[in-house]
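Beneath this line is the structure, given in structure tokens, with notes to follow.
Just so it is clear: chains get the letters A, B, ... in the order the sequence lines come, proteins before strands, and each one is counted from 1.
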Amino acid sequence: MPLTDPSQLLKESLWQLVAAIPPGQVASYGQLARLAGYPGHARYVGTTLNRLPKGTTLPWFRVLRSSGELAFPPHSAAWKRQKTLLEAEGVKFKGLKVPLKQYQWQA
DNA sequence: ACGTTGACCTTCG
DNA sequence: TCGAAGGCCAACG
């Protein structure tokens, strides 16, 4: 099989970063893009996470928007799933948002 | 091949 | 404080 093609490499470094987010803390898409060395590519972080394998163990739910809101439409199934997982780790919500001051991950 | 889509961000009024 | 506008780019049809 072919050795690592570049886009595969980027995905993997992204996975490493997401896996490094400590429980009870959150990071934003743009933040991860920056840390991966690709500033301005926040959108690609989202599409990459969207294509994660179904049974993944990756803590994708610790990733949200820079505003503190979840990236899904409020009250959708996926939205509720993510909110539940976060609250299980002690992350509290302020209405629809998470107070980033309190929970944002500092690399 | 080419236009559209999408789990987004930042800047500017 | 809030919305519009521009930027980003791999994956899909």
Atom-to-atom span, [atom1] of [X] to [atom2] of [N] - whole angstrom:
| X | N | atom1 | atom2 | answer |
| --- | --- | --- | --- | --- |
| A:K11 | C:dC9 | NZ | P | 16 Å |
| A:L49 | C:dA10 | CG | C1' | 14 Å |
| A:R81 | B:dA7 | CZ | P | 13 Å |
| A:R51 | C:dA10 | CZ | P | 12 Å |
| A:Y44 | B:dT5 | OH | C1' | 15 Å |
| A:Y29 | C:dC9 | OH | P | 19 Å |
| A:L14 | B:dC8 | CG | P | 14 Å |
| A:R43 | B:dG6 | CZ | P | 9 Å |

Verify the contact: side-chain N or O of A:H41 to OP1 or OP2 of C:dC9, cut-off strictly under 4.0 Å; return yes or no.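 Answer is yes, contact under 4.0 Å.
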Within the structure, does a side-chain N or O atom of A:K83 lie under 4.0 Å from either OP1 or OP2 of B:dA7?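 No, because none of the side-chain N or O atoms of A:K83 sits under 4.0 Å from OP1 or OP2 of B:dA7.
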Selection: residues 84-99 of chain A, any non-hydrogen atom under 4.0 Å of DNA chain B: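 Hits under 4.0 Å, by residue number: none.
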Taking DNA chain B as the partner, which of residues 61-71 of chain A come within under 4.0 angstrom of it by heavy atom?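 Residues of residues 61-71 of chain A under 4.0 Å from DNA chain B: A:R65, A:S66, A:A71.
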Straight-line distance of A:Q104 CD to A:L64 CG, nearest 0.5 Å: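 The distance works out to 8.5 Å.
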Which is true for A:S28 with a 4.0 Å heavy-atom rule: it touches a base, it touches only sugar-phosphate, or it touches nothing?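 Sugar-phosphate contact only.
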Taking C-beta and beyond as the side chain, do [X] and [Y] meet within less than 4.5 Å on heavy atoms?
| X | Y | result |
| --- | --- | --- |
| A:F61 | A:L70 | no |
| A:L96 | A:H75 | yes |
| A:K11 | A:R51 | no |
| A:L49 | A:L14 | no |
| A:W105 | A:L35 | yes |
| A:Y29 | A:H41 | no |
| A:Q102 | A:K92 | no |

Integer angstrom distance from the C1' of C:dC8 to that of B:dG6: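 To the nearest whole Å, 12 Å.
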Could you tell me how far B:dA1 sits from C:dC12 if I compare only their C1' atoms? Round to whole Å.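 Approximately 13 Å lies between the C1' atom of C:dC12 and that of B:dA1.
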For A:I21 against A:A27, the heavy-atom pair lying closest together: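 Minimum heavy-atom contact is CD1-CB, 3.8 Å.
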